[in-house]
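On a predicted model such as this, the values are computed, not experimentally measured, just so you know. Labels below follow one simple rule: chain letters A, B, ... track the order of the sequence lines, proteins then strands, and each chain is numbered from 1.
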Amino acid sequence: MSEQVVNAGHDLGEQYDFAAIQNRWLPIWDELAPFRSGDPSDVRPKKYVCDMFPYPSGDLHMGHAEAYAIGDVIARYWVLKGFNVMHPIGWDAFGLPAENAAIKNNLDPGEWTYANIEQQKTSMRNYACSFDWDRVLYTCDPTYYRWNQWFFLEMFKRGLAYRKFSAVNWCPNCQTVLANEQVVAGLCERCDAAVTKKKLAQWYLRITDYADRLLADMDQLEGQWPEKVLLMQRNWIGRSQGAHVHFAIEGRDEPVMVYTTRPDTLYGATFFVVAADSDLAAELAAGTEAEAEFNTYLDKVKASSEMDRLDSGKVKTGVFLHRYAVNPVNGEKIPVYAADYVLADYGTGAIMAVPAHDQRDLDFARTFNLPVTVVVESETDPLESGIATADDGPHINSGPLDGMGKAEAIEAMITVLGERGTGEPTTNYRLRDWLISRQRYWGTPIPIIHCDKCGEVAVPEDQLPVELPSTEGLDLSPQGVSPLATAADWVNVACPTCGGPALRDTDTMDTFVDSSWYFLRYADPNNSTAPFSSQSVNEWLPVDQYVGGVTHAILHLLYARFWTKVAYDMGLVTFVEPFTRLLNQGMVLKDGSAMSKSRGNLVRLTDELDSNGVDAIRLSMVFAGPPEDDIDWAEVSPSGSRKFLARAWRLSGDVTSEPGVDSSTGNPELRKAVHKAVADAEQSIESMRFNVVVARVMELVNVTRKAIDSGCGPADPAVREAAEAVAIMLSVVAPYTAEDMWSRLGHEPSVARATWPVVDPALLVQDSVTCVVQVAGKVKERLEVSPNIDAAELEKLALGSEAVVAALEGRGIRTVIVRPPKLVNVVPD
RNA sequence: GCUCGAGUGGUGGAAUUGGUAGACACGUUGGACUUAAAAUCCAAUGAGCAGUAAUGUUCGUGCGGGUUCAAGUCCCGCCUCGAGUACCA
């Protein structure tokens, strides 16, 4: 029966019961609230960890679980390191899903939204996210969106918000404008109808004014943001250096400007192309014999829309307009075409075509049998090979440019054009102004009143917020105009300027507006007189660590950076970049693809939490691999995580020394293992290798187990030191288990208030190291040597080794490479 | 098409400045405990060859070259996969 005594530690009462542990600590944490960050007397240095806030489309899913597990590791780590960490949460609560759900179930979008938020909030509490619940915000709350309106009006005053007619994406089926991101391969994301263009008056924010600063300030982010994201932003902004060149058009008074990055190839321009859907094309075609043909073509282009342009291959189409442009350098008359391969809204909507050195122009030239003039020497003839050359090389057929290289020729041509007044250098961008109006109900009303006499009038600040009208009596279904237009009582107002009858703007703002500055609001979430106080924001920001999916690599992050720069210009903040460091976590997949109900590979987070517990799921998320990699849930083992947690937890029951025992008297071997593990874990956590952190803690658990069972025994102070280190380090990933361990080790809650173990450098020094001895690069011997061994001694030792002598087989020694204390390589003749 | 990034055991993944490839896990196999199962614990586990065994030995980080005493790591050329972008002049 003595066995039962030995096994006492493994009795049923001592089983690791994750559900019981969760239930035990959750209410206590509510009470202790260890993650409050708003105490003004708090003297700890500040850190700001921000997770991208969720959209309340339902309960939390596996993707949230990964993202919030990762953000939590960082936040909790900095708390243990002695920082006052702001780790807030809020909800990106405006948007179309709420509106669709409301239409479907005939209820208020707000009801649906807040119900989902409550559910997510409950799940987050259970998931043990270290959020500061005093800082919660909801973007659909008038106390938040009133500041969207305030910012909008500030930008309006500064000329950064403006209204213009332009062609926008239009879904003829849904009868509504679509955002660019809602157009997938030319089709409406929701109904798969072909998206067309429609001209509408829309509000824009002048983000293009900030293009250069958005590019330049990326230097600050180098090394702190994923290189991939910076690259995507650079491509998106798409700055290019080139020149405007003026072409006279026969029979037209004004010359037409084209944009080109290769003014040096001007002598090779053999035709001229205007975008088929541009005003200029219509003007040039009017009254010519090509007019009918052009109109037919234009109709086709408009109807075919995005979809056909994508998969119609590379066959170029166009119409000769029976007009001629004059090449400003050689006076040559070149034919003018309208074609859809030239875009109306990039550059000037017209190009000089240089088929020898531009692939698209060459394709067009070959289709329409247009001449090809080579002006940069190349080995192959583009007309024959079908491949345009864009390489550097000596210029030919180019008058004064002959013999020059590309860079020189570009400069020379720009000088020539400048002297003649037919061109000038210019910079062009791919980035367009940000279209923010949406014909939707569930968003921030645009605070503008349209008056016949006074035009666009800002709603006076004391009348903000312009709240959404009640949905009572409103038809939210797609009508082609915003549902707000039908709320007669709301729309009809007196003009703030003249008092005459006027109409409210009925569009609402893009929800990307909400997310462009919410991270600023967290610093001062309840401010009712300003979006935030500059003092709080400048104290907490910029965000030290921003965590979120790579799906937002361009839009959200670009808009947020833009907004921050505007706030800087307004004198509200003292920094120009909002997010010092960015981490893009991967996605959670199942069987190699994104989870979805229709695919039948959906993993329900609640099921996973029920079967293995919160900690095991968090641990699985973190341990699966580097945070930026995707996780295939079919390849992780949450039950394995649970087993490890049980193993770690059991340590806390085995320790028999008292809390506060002097660890310096403990077993030196184990102590070294502890301090090595802490040092390694710390280094890994700082460099975001959280999976490696877990591995180090696992190793420590393993050696501690061995020490208890077959080493120094459970009473050794080093065992306590080890178990406490495990509890503290584990608390960043598995807070419930760690908290319970901490308590079983005789400490007061919460482990979140403990301090990350301090590494004693003396314990990192090893008594001996394994030195590898190679002969011809192959390992032949391993020697245990002192870490301070000198090269001569080590060489002597290595050469004297039997295995080395044997491996040499009597050959002479050419050289010996000695790298004390870890390696010797003997190179034989 | 263009621009990036990545290829390491059966699987996920480790590996400062080039210096013991495969840490830590999952899975698998065998064993202990149990009436049994679960749980737990212990052991083995890159592949091949030789040997009863200890062990020895060869190969091995997508493929082919190169630099080096030494290459997963650096250089050149390919292949494959993934991501972004879509005629941006």
Side-chain angles (χ1 to χ4, degrees), chain A residues 3 7 9-10 12 15-16 185-186 226-232 234-236 238-240 242 258-262 265 273 275 306 309-314 316 339-343 345-354 357-361 363-364 390 428-432 550 553-554 619-620 623-626 628-632 634-641 643-644 646-647 650 680 683-684 687 689 691-702 705 709-710 770-779 781-782 806 814-819 822-828:
Chain A
E3 280 165 23
N7 284 334
H10 305 278
L12 215 63
Q15 286 296 312
Y16 173 74
E227 200 47 49
K228 186 171 118 179
V229 174
L230 295 176
L231 186 77
M232 283 166 76
R234 285 198 181 94
N235 290 343
W236 189 264
R239 178 165 70 180
S240 67
V258 302
Y259 172 72
T260 177
T261 54
R262 293 295 304 277
T265 62
V273 188
E306 302 291 321
R309 292 178 65 162
L310 289 174
D311 58 24
S312 66
K314 296 291 167 222
K316 296 278 183 290
D340 67 348
Y341 85 91
V342 171
L343 306 176
D345 51 1
Y346 180 79
T348 61
I351 62 156
M352 62 180 220
V354 184
H357 308 295
D358 182 288
Q359 190 60 49
R360 296 151 302 177
D361 296 343
D363 293 343
F364 191 87
N428 206 18
Y429 300 90
R430 218 187 79 123
L431 182 71
R432 321 273 165 81
V550 74
I554 301 172
L619 183 76
S620 300
F623 187 52
E628 56 276 9
D629 287 5
D630 290 344
I631 298 172
D632 193 328
E635 289 161 350
V636 282
S637 172
S639 64
S641 298
K643 284 176 199 171
F644 161 70
R647 215 168 122 75
R650 240 176 282 120
D680 283 358
Q683 206 189 358
S684 298
S687 49
R689 283 138 58 225
N691 53 328
V692 181
V693 175
V694 173
R696 295 295 163 256
V697 177
M698 285 173 166
E699 281 172 337
L700 182 56
V701 168
N702 291 343
R705 181 81 263 155
D709 291 346
S710 55
T770 308
C771 176
V772 173
V773 184
Q774 301 172 327
V775 174
K778 299 208 159 122
V779 181
E781 177 74 299
R782 289 177 171 84
R814 197 185 332 159
T815 22
V816 182
I817 312 286
V818 187
R819 294 278 179 279
K822 295 191 78 175
L823 179 122
V824 177
N825 189 7
V826 182
V827 187

Student: Quote, to the nearest angstrom, the P distance that separates B:G18 from B:G72.
Tutor: 13 Å
Student: Sticking with atom C1', work out how far B:G51 lies from B:U58, rounded to a whole angstrom.
Tutor: 15 Å
Student: Counting just side-chain N and O atoms, does A:R430 come under 4.0 Å of either OP1 or OP2 of B:A89?
Tutor: no
Student: Runs of at least three consecutive Watson-Crick or G-U pairs, both distances under 3.5 Å, are what I'm after; which ones involve RNA chain B?
Tutor: B:1-7 with B:79-85, B:10-12 with B:24-26, B:27-32 with B:40-45, B:46-50 with B:55-59, B:62-66 with B:74-78
Student: List in chain and number order the residues that pass salt bridge (Lys or Arg N to Asp or Glu O under 4.0 Å) with A:R432, two or more places apart in sequence or in another chain; answer none if no residue qualifies.
Tutor: A:D345
Student: Of the options B:U20, B:A89, B:A23, whose atoms approach the side-chain atoms of A:E699 most closely?
Tutor: B:A23
Student: Answer yes if the side chains of A:S620 and A:S641 hold a donor-acceptor pair under 3.5 Å, and no otherwise.
Tutor: yes
Student: Can you check the distance between B:C69 and B:G62, where both ends of the measurement are the C1' atom (answer in whole Å)?
Tutor: 27 Å
Student: If only side-chain N and O atoms of A:Y341 are considered, is one of them under 4.0 Å from the OP1 or OP2 phosphate oxygen of B:A89?
Tutor: no
Student: Determine the Euclidean distance between corresponding P atoms of B:G56 and B:A21; express it in Å to zero decimal places.
Tutor: 14 Å
Student: Examine B:A25: is either OP1 or OP2 under 4.0 Å from a nitrogen or oxygen in the side chain of A:N702? Give yes or no.
Tutor: yes
Student: Between A:R705 and B:C41, is there a contact of a side-chain N or O with OP1 or OP2 at under 4.0 Å?
Tutor: no
Student: Using distance alone, with no hydrogens and no angle criterion, decide if A:R262 and A:T260 have a side-chain donor and acceptor under 3.5 Å apart.
Tutor: no
Student: Starting from P on B:U85, measure out to CE on A:M232 and report it in whole angstrom.
Tutor: 5 Å
Student: How many Å lie between CD on A:E628 and C1' on B:G13, as a whole number?
Tutor: 13 Å
Student: Within the 4.0 Å heavy-atom criterion, would you say A:D345 contacts the bases, only the backbone, or no part of the nucleic acid?
Tutor: nothing
